[in-house]
Amino acid sequence: MKTNCFFYRKKKYYIPPNGVVTRKSYSNIALIKYWGKQNNKIQIPLNSSISYSLGEVYTVTRLIYKEKKKSNLPIRIFFSGKEKTSFLPKILEFFHRISLYCSYLRNYNFTIETYNTFPHSSGIASSASSMSSLALCIMEIEKKLVSSLKEDFFLKKASFLARLGSGSACRSIYPGLVVWGCHQSIKRSNNLYAIPYPYDVHSIFTKIEDTILIVDDEPKKILSSKGHQLMNNHPYARDRLKCANKNMNKLISILKIGDFQEFGELIEHEALTLHAMIMTSRPYFLWMKPNTLNVIHTVWDFRKQSKKNIYFTLDAGANVHLLYPIQEKTFIIKWIYSDLFAYSKKIIESFCL
Ligand code: DP6
């Protein structure tokens, strides 16, 4: 079922007067990047994407709901214990977008208490884990109203709602490899919500480490939501879309065969393509910092000498994700701390769930 109507919840249900729900959700790192949104549509991607959900980097959200008595501002947000009015516009927009599908929300005032295990707006997808944990909280409320709600629907709708908050967030609902966006080679893939990757995956890709080098922990100057807009009228947009589609086909066979070198080359190419798109937008921008390049070159040199399977990918920021099979962890992690520590403000040892 791939229409918005599937997710409407208009019927009147018993509305509990107040309560609290808490959910945790992991960040994710895209292997094939979502970049650009379809014009005049809400949160529909230009191309399909695939990501790994990440252990250790997550958001915990506690959503307190109270029956609305008067028409005061319905939402307050606390991030790591401090009230954050600067987050309000995005959250209000999110509640506005999803109110059509969750009409019961109109009955409540909300307090959102949330924290991350990593710096927000620093290139680790904080919007992915925060919006997905909030969407999961909202579905927990819906579950209280509709006792017959099935787990499969719960997750699909959570992904659908999360997408309306932040595109990449819809992939964070599931562990493992997750696909969002319609691709002709992936059955049930669609633009409205993410699905777990439905095909065989070689065992080498089931235990992958992701060591994240925080090169820069300042909030990003250009947020990804602005960056997506720059794909409209981008001179290379058509080629990028063709390339993303081809890369997805390549990745499907790589994941099956278990060729780590091909995998690594593909994800590095994707990461550099994403950055090339932002560098050639109007206005143009550069997310990489000198230490991003230092890390990349050091990884390339190390790989050449050691023949180890270590490859990088990047998000919309300066930080570097290093992906390698768990079997090679002992050697590689030692090398990371000895040769890359100087380029990083912080190292986060994560893994693909
Ligand atoms: C580069 O999901 O943050 O991380 O939908 O506007 O919230 P919005 O954008 P967002 O974009 C993420 C882009 C990316 C690639 C990816 O995660 O696929």
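Sequence positions, counted from 1, serve as the residue numbers for this chain. In listed order, ligands and their atoms are each counted from 1. We use all heavy atoms of the structure for the numbers below, so side chains are in, but hydrogens, waters and symmetry mates are not.
- For ligand 1, none of its N or O atoms has an N or O atom of Lys33 under 3.5 Å away.
- Taking the six-membered ring where the residue is Trp, the centroids of Phe260 and Phe205 are separated by under 6.0 Å.
- Residue-to-ligand polar distances place Tyr34 within reach of ligand 1: an N/O pair is separated by less than 3.5 Å.
- Taking the six-membered ring where tryptophan is involved, the planes of Trp300 and His297 are perpendicular, since the angle between them exceeds 60° and thus also 30°.
- At least one heavy atom of Arg171 sits closer than 4.0 Å to an atom of ligand 1.
- Of the polar atoms of His228, at least one N or O is found under 3.5 Å from an N or O of ligand 1, judged by distance alone.
- Considering backbone and side-chain atoms alike, Ser224 places an N or O below 3.5 Å from some N or O of ligand 1.
- Only the side chain of Ser127 comes within 4.0 Å of ligand 1, counting heavy atoms alone; its backbone N, CA, C and O stay farther away.
- With a 4.0 Å cut-off on non-hydrogen atoms, Ala30 touches ligand 1 through its side chain and not its backbone.
- Once rounded to the nearest 0.5 Å, the distance linking CG of Leu155 with CD of Glu151 reads 4.5 Å.
- Looking only at side-chain heavy atoms (C-beta outward), Leu177 and Tyr52 come within less than 4.5 Å of each other.
- Remark: ligand 1 atoms within the under-4.0 Å shell around heavy atoms of Gly167 are 2 (O), 5 (O), 7 (O), 8 (P).
- In this structure, CZ on Phe263 lies 13.5 Å from CD1 on Ile257, to the nearest 0.5 angstrom.
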**Item:** Chi angles and distances behind the side chain to side chain donor-acceptor pair (under 3.5 Å) call for Lys33, Thr313
**Value:** CA-CA 10 Å; Lys33 313 288 182 182; Thr313 186; 2.9 Å; yes

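- Short contacts between ligand 1 and Asp315, defined as distances under 4.0 Å to a heavy atom of the residue, involve ligand atoms 1 (C), 4 (O), 14 (C).
- The N/O atoms of Gln43, backbone and side chain alike, include one that comes under 3.5 Å of an N/O atom in ligand 1.
- A salt bridge is absent between Lys250 and Glu265; no separation between the charged side-chain nitrogens and carboxylate oxygens falls under 4.0 Å.
- Neither the backbone nor the side chain of Ile29 comes within 4.0 Å of ligand 1, counting heavy atoms alone.
- The contact set between ligand 1 and Lys37, taken as ligand atoms under 4.0 Å from a residue heavy atom, comprises 5 (O), 6 (O), 8 (P).
- In summary, of the residues considered (Phe94, Phe95, Phe160), a ring-ring contact (aromatic ring centres under 6.0 Å, His included) with Tyr101 occurs for Phe160 alone.
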